[in-house]
Number of protein chains: 2
Amino acid sequence: MAIRPAEQLIHKAAWLYYAHGLRQDEVANQLNISRASVAMYLRKARETGIVNISTSTQLFTDDVMARRLEDALKLDAVWIAPENAYLADPSTDIAVLAASVFLELVRKGDRIGVAWGRTVYTIADIMSYADLQDVTVVQLCGNLGAPYSYRPDQCTMEIARRLNAKGLNFYAPLVLSTEDLAQGLRAEPVIRDQLAGISDCDLALYSIGAVDADSHLVKCGALTAAEMAALRREGAAGVIAGQIIDAGGELLDCSYNRRVISAGLASLRVIGKRLMVVQEDSKFEPLLAAIAGGLCTHLVVGARMAQRLLDHAGTSAEKAS
Amino acid sequence: MAIRPAEQLIHKAAWLYYAHGLRQDEVANQLNISRASVAMYLRKARETGIVNISTSTQLFTDDVMARRLEDALKLDAVWIAPENAYLADPSTDIAVLAASVFLELVRKGDRIGVAWGRTVYTIADIMSYADLQDVTVVQLCGNLGAPYSYRPDQCTMEIARRLNAKGLNFYAPLVLSTEDLAQGLRAEPVIRDQLAGISDCDLALYSIGAVDADSHLVKCGALTAAEMAALRREGAAGVIAGQIIDAGGELLDCSYNRRVISAGLASLRVIGKRLMVVQEDSKFEPLLAAIAGGLCTHLVVGARMAQRLLDHAGTSAEKAS
DNA sequence: ATCCAAATTTGACTTTTGTCGAGAGCCGTG
DNA sequence: CACGGCTCTCGACAAAAGTCAAATTTGGAT
């Protein structure tokens, strides 16, 4: 009899194994199934978030540098991934840390805003599963028909899937060709409601984009490399949730920004916990801009970036005094 | 070089193993130690709550009976442990479930009140470890020089230890020989402060005691079997946090109660989440009294007890109509 | 300075767990 | 009603994790 292995059975196996501490063969006896099946159920239980294995991220905030950064940048919490210390690929380390931090920040009943980018998708990809049924994951910005797998809607959905949460997608393109059209679309009830709902979020997850030819905006055809370079000369310092900000962390006054459908910076700043994750060292200036603009309260970075931020804060303070 | 295996090293090993998903031998390579040491560190990490393995208790609330009980008894949540379904000893099952539920209810920064009894100690004993450094566990009632290992202060400390939390003990006996002395002691600043602090708790954990010769109050010499029997005739229905309540869940007007140093029922009722755990079927009436008195918002019981409660609620409702 | 007790580390061994392909039951379809 | 596709299950093997006693190191006491 090969009945669909009811959630119930998975749950029972997980309970006996993890809560009661029985061995797999003991569980198998209890449930009258083979030990191999038990092993499979347990894997499923882990994958569906019925059991939850989390490791404390204390170590990474306990760092002295993290504390100093919190003070210097006026952030609520900073986590620093030790560069090259553990693994060959430091960016994976940052993503793994970010995923753990993210899961630690999520609370039951939360509404979570998610932006997009390679970093965000990497985090989604390595994030472990959790059972947060009353959580809602909302997309922070419109979609791009990207050739990559980390489209905005995919980032949102993947994270929702991992959390067993509800995913709310944005059914609009990120950039339109005219300002009028963008304005009209923003006024559409469906879109307007979703944009309005962003400020109700309890937690936001995003990274920051650089203003160069490697930007996803260029790669996805939203802007040409030349346009990007021009924007840079006009003061563009970074890209957040598809929008271009200046060095002060304010929206740059440009046609592109007016054609974008995305979470306004004001809505973002209202969100209680704004988790920013930065992997690449090259994103130093963009990150400074985002911090200046108050777009992040919680920060996950690598050790090298942390050092640079600290040095910068030090010299700024000196100049000021 | 056998340096004290700094917390740091345990943390790193746990991180690589659980967060990054490396194998133990890979971790051993990374950290330049033997795999055996890694295995030991990982056990320590689990025991100190650096890693946290929890299994969802959904299954036990999803039960239809649990839902009906919540409605019938006006409780916030009910968990039902399937009797005899899983293991030989059903009371263990209830305790394991209670421990999981308890850990699920604790939040960072919480203040937790803990009473005492065999049930509470059993829960403490099988509870897994967690890393909740900013949690405070306070003792709800005075101490008894009991010949058992589940003295009030031990229950409190054991739970605090498991949680890596701060434990606050009560430095007073549970019962005094005269009412005057009890009153005087209650007015002592140290004691008064602690009693006052009880209503600040976010979560309470207790069971209910029966009014019979088997009661711990009798076994520990606080009352004689004859006195207990007399109290029973006077309307005593149960024992909670060392105090005797009547069938309506109110403090029984008796000398014993006036000589007790413990959390007043009013203070208890102020606590947001009051988790009551009952293992023995014999505690049906005491439990009814506690529920009637609004002393519990969250309940963990076995299936048989749940059925009895439901039947009782049904017949009460019939009578009323 | 030297020794002792306690704690840590390790290699070797045992137990437990993960995985794979074969086989069996279920279900919709032709 | 037979057929294929599907998923679930199981036995057996391989891999990984747990354990133990002996060896080593540490820190403190004499």
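Chain naming here is simple, since letters A, B, ... match the order of the sequence lines and numbering starts at 1 in each. Note that the coordinates shown come from a computational prediction; the quantities given were computed from them, not determined experimentally.
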query: Taking the side chain of B/S34 as heavy atoms from C-beta outward, which of D/dT9, C/dT17, C/dG11 is closest to it?
result: C/dG11

Among C/dA12, C/dT19, C/dT9, the one nearest B/Y41 by side-chain distance: C/dT9

- prompt: For the pair made of CZ in A/R43 and C1' in C/dC20, what is the distance, rounded to whole Å?
  reply: 11 Å

query: Touch check for B/I33, heavy atoms < 4.0 angstrom, all strands: base, sugar-phosphate only, or nothing?
result: sugar-phosphate

message: Is the phosphate of D/dG18 approached by B/Q24 (side-chain N or O, under 4.0 Å from OP1 or OP2)?
response: yes

query: Looking at A/V135, A/T136, A/L132, which hits side chain to side chain contact (heavy atoms under 4.5 Å, CB included) with A/K166?
result: A/T136

task: Round to a whole Å and report the spacing from CG of A/D25 to C1' of D/dC10.
output: 15 Å

task: Rounded off to whole Å, could you give me the CE-to-C1' distance for the A/M40 and C/dT19 pair?
output: 12 Å

query: What is the distance, rounded to the nearest whole Å, between atom CZ of A/R46 and atom C1' of C/dG18?
result: 9 Å

- prompt: Whole-Å distance between C/dT17 P and A/K44 NZ?
  reply: 19 Å

task: In plain terms, say whether A/D125 and A/R162 are close enough for a salt bridge, that is, a side-chain N and a carboxylate O under 4.0 Å apart.
output: yes

- prompt: Looking at C/dG18, C/dT9, C/dT19, which one has an atom nearest to any side-chain atom of A/A36?
  reply: C/dT19

message: By nearest atom, which of the nucleotides D/dG18, C/dT19, C/dT9 is closest to the B/A39 side chain?
response: D/dG18

field: Candidates A/D110, A/D76, A/V106 - the one meeting side chain to side chain contact (heavy atoms under 4.5 Å, CB included) with A/K273
entry: A/D110

statement: A/L31 atom CG is separated from D/dT9 atom P, nearest whole Å, by 11 Å

Sub-4.5 Å side-chain heavy-atom contact between A/I33 and A/Y41: yes

query: Would you call A/K44 and A/E47 a salt bridge, using N to O less than 4.0 angstrom?
result: no

Side-chain donor/acceptor contact of A/R35 with base of C/dG18 under 3.5 Å: yes

query: Could you give the CG-to-P distance, from A/L16 to C/dT16, as a whole number of Å?
result: 17 Å

Value in whole Å for how far the P atom of D/dA16 lies from CG of B/L42: 15 Å

query: Where the side chain of B/R23 is concerned, which of C/dT9, D/dA16, C/dT19 is the nearest nucleotide?
result: D/dA16

